[in-house]
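Just below is one structure, and these are the notes that go with it.
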Amino acid sequence: QVQLVESGGGLVQPGGSLRLSCAASGRIFSINNMAWYRQAPGKQRELVAIIASAGTTNYSDTVKGRFTISRDNTKRTVYLQMNSLKPEDTAVYYCYAEIKNYFNTGLNDYWGQGTQVTVSS
């Protein structure tokens, strides 16, 4: 059993900051890529940022320079530091992880439940 539990969402004013956290728990052998996606009302889910197990990162152009993804492999946690938030950042943010369980030969996809981020004055 593997779960991704997200926290840190909430209401913030434009220009403010939030930090999202996503902790993986369960019988985990290793975690490959971890990522943050978001989905705004009426829009497709989009990749925000992704980080590989060794720390390589990639960002959506819409958040580059404002958001930072990081991970703590000991804590099995991925973070998304969001600065200079804009109203268009309002969305449900979803954590994603590629996880190998014990005795599995391949990776499995897991998703968090989503956490609401609202940027409004």
Side-chain angles (χ1 to χ4, degrees):
Q1 183 181 0
V2 173
Q3 286 186 303
L4 302 181
V5 180
E6 300 156 334
S7 62
L11 175 64
V12 65
Q13 293 185 332
S17 298
L18 284 174
R19 187 180 71 162
L20 305 183
S21 300
C22 173
S25 63
R27 300 279 292 180
I28 297 171
F29 180 77
S30 63
I31 304 176
N32 193 25
N33 294 321
M34 302 186 83
W36 289 96
Y37 289 75
R38 68 185 182 186
Q39 187 167 22
K43 299 183 67 176
Q44 297 286 103
R45 185 174 298 188
E46 65 172 341
L47 176 66
V48 177
I50 187 167
I51 182 168
S53 59
T56 303
T57 60
N58 284 285
Y59 297 90
S60 166
D61 288 340
T62 60
V63 307
K64 194 173 299 181
R66 299 187 297 120
F67 291 9
T68 302
I69 189 171
S70 61
R71 64 191 287 169
D72 185 327
N73 290 331
T74 300
K75 297 180 179 179
R76 296 175 174 174
T77 300
V78 62
Y79 305 93
L80 185 67
Q81 178 67 46
M82 303 184 293
N83 299 326
S84 302
L85 283 162
K86 305 174 181 180
E88 52 262 44
D89 294 319
T90 296
V92 177
Y93 283 71
Y94 295 92
C95 177
Y96 165 86
E98 297 174 336
I99 295 175
K100 184 176 181 180
N101 302 108
Y102 288 102
F103 305 108
N104 284 357
T105 59
L107 296 170
N108 299 294
D109 297 337
Y110 291 92
W111 291 89
Q113 80 285 354
T115 184
Q116 177 70 48
V117 172
T118 302
V119 184
S120 176
S121 58

Task: Co-membership, hydrophobic cluster, residues Val63 and Tyr37, 4.5 Å side-chain - done: no
Task: Gap separating the CD atom of Gln116 from the OG1 atom of Thr90, nearest 0.5 angstrom - done: 7.0 Å
Open item on the list: Could you measure the distance from the OH atom of Tyr102 to the CD1 atom of Ile28? Nearest 0.5 Å is fine.
Closed with: 9.0 Å
I'd like to check [X] versus [Y] (side-chain heavy atoms, cut-off strictly below 4.5 Å). Are they in contact?
X: Leu4; Y: Ile99; value: yes
X: Phe67; Y: Leu18; value: no
X: Cys95; Y: Trp111; value: no
X: Asn101; Y: Phe29; value: no
X: Gln1; Y: Arg27; value: no
X: Tyr79; Y: Arg19; value: yes

Open item on the list: Using the rule side-chain contact (heavy atoms from CB on, under 4.5 Å), only one of Leu20, Asp89, Val12 pairs with Met82; which is it?
Closed with: Leu20
Task: Donor-acceptor pair between Ser60 and Thr62 side chains, under 3.5 angstrom - done: yes
- [ ] May I ask you to check whether over 12 heavy atoms, not counting those of Gln3, lie within 6.0 Å of atom CD?
- [x] no
